[in-house]
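This report concerns only the one structure given below.
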Amino acid sequence: MPIRFYNTLTQKVEDFAPAHDNTVRMYVCGPTVYNYAHIGNLRTFTFQDILRRWLRARQFETLHVMNITDVDDKIIRSAVQQNISINDYTKPYEVAFLEDMATLRLQRPEKIVRATEHIGEMVALIQALTEKGMTYESDGSVYYRIAKFPEYGKLSHNDFGGMIAGARVDVDEYEKENARDFVLWKQKKEGEPSWDTPIGDGRPGWHIECSAMAMKYLGDTLDIHAGGIDLTFPHHENEIAQSEAVTGKPFARFWIHAEHLIVEGQKMSKSLGNYYTLRDVIQMGYQPEAVRYLLASVPYRNKLNFTFDGLKAAATSIDRLRNFELRLKTDKFSNGSPEDGDKRSAEYLRRFEEALDDDLNTANALGVLFEFIRDTNTAMDSGAFFAANVAPALKLLDRFDEVFDVLKPTVAEGGMSDEEIDALAAERNAAKKARNFPRADAIRADLLEKGVILEDTKEGTRWKRKA
Ligand SMILES: [Zn+2]
């Protein structure tokens, strides 16, 4: 079975393959760098990472482009308040965002592109729209005339037929009820950054940047355009209107949107006191891989209820996975006929992959994995798991980690390396042999404090990091 995704455009689950060669041309709307990303933003980026990783696991190449919005209404307002340039204002947040991506183990897209470095491309696209009669000017600003694009509303599945022609909106973000001719180019305002261009001295509206940058790097028709569900309207609807009016071709074949995140059953908001950045959560003592696991574990089309119980459960799940990996790698299994065990691993691997092929059903994939672990532990306990079964079992675990990437613990800055832990564990063994138990206990307690658990088994001492 091929990979299937739910396409917002057709409202159907469809088989996916790239249009041209083996490369998936994919554009995702990146962050607006006016603040730290919150966990709701990061849910969307984690979904995009899972999407990217699964495409690659299935042997596709990716040409994945993500933009950074470093000019918009909110950024300008904040920079003006602080009396600094927009570049000085956005830079630290861009750095912080890339750090958060690394902390959550989100793979870097092949290209990360900034809006302010593509003003020329945006102006050219607006000029092309003007040549097609899609724009008009008013008070020095340029607007998109949506009445000239009859398909407007096809992504968000809204009928905008009854709209008042000529009504305009200048802000970048607005609700469906306020669908209007949207601004492509805003006339310069006193005290605001602007660019002097052939279409006037001013700055771009928010929507034009994604059309311009996506088509520059990926061509007229993308295989996948992804983003958070809240971007469907107006942002993605406007991207379609801008791009298709010029090219006459479909802008994206697949539109894939991740649902919202809520916190403890409620909408996340600063006023409710349930607004969290990744930094907040990590400062509370949670491991990044537990956050990643929780964000990845709910299929992207479901609302994700972020709870602290859920985070603890995620840490427990990771612990179970690591214990299983440790058992596979350190237990001594006897030689025997591996046939049944290998068949078991292959069957679970097939089911695991089938779950992800099915519109990235991460919950089902995890369900299959834990069933496999239970089953395999039972076989191990009853002596029905043999040395030759280890490699196929690890293969499934590797496949899992290729996508979920939570098995390797995050080593905190200044934390102990594996080699240091090995050395201390060996020192403790020597102390035990010399019957210096106070020293052996002290090493054990010291390691525990640093998040390392020693386990004495009949095969010797092994250690693991706490999740
Ligand atoms: Zn965008």
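Whatever order the structure lists ligands and atoms in, that order sets their numbers, starting from 1.
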- Query: Is Arg168 salt-bridged to Asp181, going by a charged N under 4.0 Å from an acidic O?
  - Reply: no
- Task: List the atom of Ile318, the atom of Glu289, and the distance in Å for their closest heavy-atom pair.
- Result: CD1-O, 3.4 Å
- Task: Answer yes or no as to whether an N/O/S atom of His236 is found below 2.8 Å from the Zn ion (ligand 1).
- Result: no
- Item | His235 atom (N/O/S) at minimal separation from the Zn ion (ligand 1) | NE2
- Message: Under 2.8 Å from the Zn ion (ligand 1) - does any N, O or S atom of Cys29 fall there?
- Response: yes
- Donor-acceptor contact present, side-chain Thr197 to main-chain Ile199, <3.5 Å: yes
- Distance-only, no hydrogens or angles: does the Asp21 side chain make a donor-acceptor pair with backbone N or O of Thr23 under 3.5 Å? yes
